[in-house]
Amino acid sequence: MKIGNRASGVILAVLIVLSLVTSVFYVTAKQGYHEDELLTYNLANSSKQLDVSGGWSTPEDFNEYLSVSDEHRFDYAQVYRNQIIDASHPPLYYAMVHTVCSLFPNEFNRYFAFSVNVAAMIGILILLYKIGRRVSGSNLWGLTAVAAYALSVACITTTIYLRMYSVLTFFVLAFLWQSIRLYDKKNTIGFADCLLTTLIVMFGVLTQYYFILFAGLTGLVFLVFKIKERCIKDIFKYVFSCLIGAAFALGIYPFIISNVLGGNRGLGSLELSIDPITIVTYLGYKLCTYVQVLAKDLFLNQIWLLIFCVVCAIGAGIYFRFVKKQKLNRAAMFVIIPATVYFIVISMLSPFNSDRYVMASLPLISMMFTFVFARIFSAFRAQGVRLIVPACVLAACAVGFATVKPYYTYGKTNLYQPQTKECVFVGTAMLEWNKCIDKLMQYDKTMIVQTDEMSPTLIDELESFAQARGVVTNGKIGEMAKSYMYNGETNKQSAGSLKAVGNDKVLSSADSVTVYISRLADKDKVIDYITENTKFKNHELIQADYSFDDFYNWYDYFVETESYCNVYKFSV
């Protein structure tokens, strides 16, 4: 079945609209935020820091923490400074979010960052079609590959998660498409080609550092093929363009090196002696977790279906290569090698077990499996048989949304209907309050305090959680937990400010107060302190934290906005 270019454009536009309409539905329905989503707004818009030592914050303070003030509209120098302080990511994505937010000063709205993701996703789907058409040589299969991803849980999750991963995915696909284009040129790469390559690399590096890994893998494939073809001029121009782009990125944001080598991301600043058996078993657990993530995002949350498709892919590859003597075209290798290696490496190295870290590879992984079955059914002469793949893709997408809940939509909670006027958040140095800001904004006043007393059961729970999933911990998981308690600083001085609760005049005149207590904190000691040092002698549980046993991987537990806290109402 042949589809003309004009019809292809119309169908592609329809797929893009369907995908974005679905994303709008889910982003509108989501309740709450991942803490990093709220951090997106703070780092993009404001230099304000909230008082965590016992002072009161109002809804206006929280709004100022998340939004652009009139005097800081289009203030990209502040965005830049915020990223230096955060020491985790480069500034381009935050500058994009800041630009949108600057059009609506003094407002916080989920759709500001979402609009950036929407623009990126439009580009992603267009690039995916171009790549798919180049690999398959068919408009039909190119559109089928787009449909398989555009109408998947993976695509919706990437679009509604208010972080830089949509933009990262766009630049990953842009670099891949540009590399395939330049590979097709035989010693005819021009200045415009080099300039575009330089810009893509520069913007990619300034978006997220995982771009460097994907670009390196793609570049390696390019170099191997060009060396075989002895296109030395193309190699020089390609490598030079990439290096110039990286140099420009480093010149714009020289903190890239320190961020990549350490920064403040978890274990990078810790001095821990982890047993080799713990490392091996933990990496095995991580890989299994990412298999589960991949199954949820692209295979209807059915691991058996993922395994079946992998077996079919391997079997088909062996059959066509060694029985039919048919080689894959080199454009296909540009897709297969970088996407597969990227997924595996990131699975091993990511600080948390999260789909966000592999989002950039998911469009290509989806395309790979789509083309495997397209190739299998194309072996049949009957045209009707070949349409089985597009039909199955559409059916799988429909079943997927009927049975699988995308990440980052979160659960339902009653915490958006405050039962008191004041609220106290008792957290640790892990800054757990940051994921609850939208709930804290519902109170007239909120006090944020910290405790140094870790939950006495947390380490045992973490050890049991890991051991139940095959990790030989040898007590090392507990050591890591203690380090994370202080946000990666093993020698942090006492930061306890809970005593502010007992000395506060506002609380002394209130009849009741809502208290969030972090799971990391010793809730019994917090409750005892409040009942012994204030007039609030009674308390009832409003909402309990989830149990570790409800989740397969730590990240599922971590992203739930109602988790990480037990919430109580204290009264006289």
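We use all heavy atoms of the structure for the numbers below, so side chains are in, but hydrogens, waters and symmetry mates are not. Since the model is a prediction, treat every value here as computed from it, not as a measurement.
Asn45 contributes atom CG, which lies 9.0 Å from atom CG of Asn82 (distance to the nearest 0.5 angstrom). Here CD of Glu60 is found 8.5 Å from CE of Met441. Values are rounded to the nearest 0.5 Å. Within the model, atoms CG of Leu507 and CD1 of Ile530 stand 8.5 Å from one another, a figure rounded to the nearest 0.5 Å. Atom-to-atom distance recorded for Thr514:OG1 and Leu440:CG is 10.0 Å, nearest 0.5 angstrom. A distance of 9.0 Å separates NE2 of His89 from OG1 of Thr40, quoted to the nearest 0.5 Å. Distance NE2/His98 to CG/Leu103: 9.5 Å, rounded to 0.5 Å.
In this structure, the side chains of Ser508 and Lys505 come closer than 4.5 Å at one or more pairs of heavy atoms. In this structure the side chain of Met359 never reaches within 4.5 angstrom of the side chain of Leu168, judged on heavy atoms. Counting heavy atoms from C-beta outward, Val449 and Phe425 have side chains that stay 4.5 Å or more apart. Residues Lys569 and His539 have side chains not in contact (no heavy-atom distance under 4.5 Å, counting atoms from C-beta outward). Taking 4.5 Å as the limit, every side-chain heavy atom of Ile160 sits out of range of all side-chain heavy atoms of Asn117. You'll find the side chain of Tyr80 reaches within 4.5 Å of the side chain of Phe255, heavy atoms only. The shortest side-chain heavy-atom distance between Leu38 and Phe108 falls under the 4.5 Å cut-off. Two residues are said to be in side-chain contact when any heavy atoms from C-beta on lie closer than 4.5 Å; Leu92 and Gln208 fail this criterion.
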Exercise. Does the side chain to side chain contact (heavy atoms under 4.5 Å, CB included) test come out yes or no for Thr58 and Asp444, once each step is laid out?
Worked result: CA-CA 6 Å; Thr58 65; Asp444 291 347; over 6 Å; no
Handout entry: Derivation of the side chain to side chain contact (heavy atoms under 4.5 Å, CB included) call for Val116 and Val167
Key = CA-CA 8 Å; Val116 175; Val167 179; 3.9 Å; yes
Evaluate the criterion side chain to side chain contact (heavy atoms under 4.5 Å, CB included) for residue pair Leu162 and Tyr41; output intermediate values, then yes/no. CA-CA 9 Å; Leu162 308 180; Tyr41 284 88; 4.3 Å; yes
- Before giving the answer on side-chain hydrogen bond (donor to acceptor under 3.5 Å, both in side chains), spell out for Gln543 and Thr413 the whole-Å C-alpha distance, their side-chain angles and the decisive distance to 0.1 Å. CA-CA 8 Å; Gln543 183 164 297; Thr413 175; 2.9 Å; yes
Between Phe536 and Phe570, is the ring-ring contact (aromatic ring centres under 6.0 Å, His included) condition met? List the steps. CA-CA 6 Å; Phe536 304 117; Phe570 281 77; 7.1 Å; no
Discussion item. Quick one, Tyr357 with Ser347, criterion side-chain hydrogen bond (donor to acceptor under 3.5 Å, both in side chains). Give me CA distance, side-chain angles, the key distance, then yes/no.
Written reply: CA-CA 8 Å; Tyr357 298 120; Ser347 297; over 6 Å; no
- request: List the steps and the verdict of ring-ring contact (aromatic ring centres under 6.0 Å, His included) for Phe214 and Tyr209.
  value: CA-CA 10 Å; Phe214 197 98; Tyr209 299 131; over 10 Å; no
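A salt bridge does not link Glu532 to Lys537: none of the charged nitrogens lies less than 4.0 Å from a carboxylate oxygen. A salt bridge links Asp61 and Lys48; the closest N-O separation between the charged side-chain nitrogens and carboxylate oxygens is under 4.0 Å. Here Arg519 pairs with Asp545 in a salt bridge; the nearest charged N to carboxylate O distance falls below 4.0 Å. A salt bridge does not link Lys435 with Asp36: every distance from a Lys NZ or Arg NE/NH1/NH2 to an Asp or Glu carboxylate oxygen is 4.0 Å or more.
Using a 3.5 Å distance cut-off with no hydrogens or angles, the side chains of Asn353 and Lys286 do pair a donor with an acceptor. With no hydrogens or angles considered, no side-chain donor-acceptor pair links Asp297 and Tyr149 at under 3.5 Å. For the residue pair Ser350/Tyr290, the side-chain donor-acceptor check at 3.5 Å is satisfied. Counted by atom type alone, Tyr161 and Ser166 present zero donor-acceptor pairs between their side chains at under 3.5 Å. When only modelled atom types and interatomic distance are considered, Thr428 and Gln450 share no side-chain donor-acceptor pair under 3.5 Å. If you check the side chains of Tyr568 and Asn538, you find no donor sitting under 3.5 Å from an acceptor. With no hydrogens or angles considered, no side-chain donor-acceptor pair links Glu422 and Thr446 at under 3.5 Å. Residues Glu107 and Ser67 bring no donor and acceptor atom of their side chains to less than 3.5 Å of each other. A donor-acceptor contact under 3.5 angstrom links the side chains of Tyr76 and Thr99, judged on distance only. No side-chain donor from either of Asn106 and Asn63 sits under 3.5 Å from a side-chain acceptor of the other. In summary, the side chains of Asp504 and Trp56 do present a donor paired with an acceptor at a separation below 3.5 Å, with no hydrogens or angles considered. No hydrogens or angles considered: nothing links the side chains of Thr420 and Ser512 as a donor-acceptor pair under 3.5 Å.
When all heavy atoms are compared, the tightest approach of Ser23 to Thr159 is OG-CB, 3.5 Å. Here the closest heavy-atom approach between residue Pro363 and residue Thr169 is recorded as CG-CG2, 3.8 Å. Between Tyr407 and Lys296, the shortest heavy-atom distance links the atoms CE2-NZ, 3.6 Å. Contact record, Pro406 with Thr157: CB-OG1, 3.7 Å, taken as the closest heavy-atom pair. For Val24 against Phe114, the heavy-atom pair with the smallest separation is CG2-CE2, 3.8 Å. Shortest non-hydrogen contact noted between Asp438 and Gly32 is OD2-CA, 3.6 Å.
A donor-acceptor pair is defined here as one N or O able to donate and one able to accept, closer than 3.5 Å; no such pair exists between the side chain of Tyr408 and the backbone of Val27. The main-chain N or O of Thr531 is never found under 3.5 Å from a side-chain atom of Thr534 such that the two would form a donor-acceptor pair. When atom types are taken as modelled, the side chain of Arg73 and the backbone of Ser102 share a donor-acceptor pair closer than 3.5 angstrom. Under the 3.5 Å distance criterion, the side-chain polar atoms of Lys525 are left unmatched by any main-chain donor or acceptor of Met454. In this structure, Ser464 contributes its side chain and Glu461 its backbone to no donor-acceptor pair below 3.5 Å. Between the side chain of Thr281 and the backbone N or O of Val472 there is at least one donor-acceptor pair closer than 3.5 Å. Between the side chain of Thr473 and the main chain of Val471, no donor-acceptor pair closer than 3.5 Å is present. Counting only distance, with no hydrogens or angles, the side chain of Glu432 and the backbone of Gly427 share no donor-acceptor pair below 3.5 Å. Of the possible donor and acceptor atoms, one in the side chain of Tyr253 sits under 3.5 Å from a partner among the backbone N and O of Gln83. No side-chain donor-acceptor contact under 3.5 Å links Ser455 to the backbone of Asp522.
For CZ of Phe248, the number of neighbouring non-hydrogen atoms (other residues, nucleotides, ligands) closer than 6.0 Å is 12 at most. Surrounding NZ of Lys30 are more than 12 heavy atoms belonging to other residues, nucleotides or ligands, all under 6.0 Å away. The 12-atom threshold is exceeded at NZ of Lys535, counting heavy atoms of other residues, nucleotides or ligands nearer than 6.0 Å.
A cation-pi arrangement, defined by a distance under 6.0 Å to the six-membered ring centre and an angle within 45 degrees of its axis, is present between Arg469 and Phe465.
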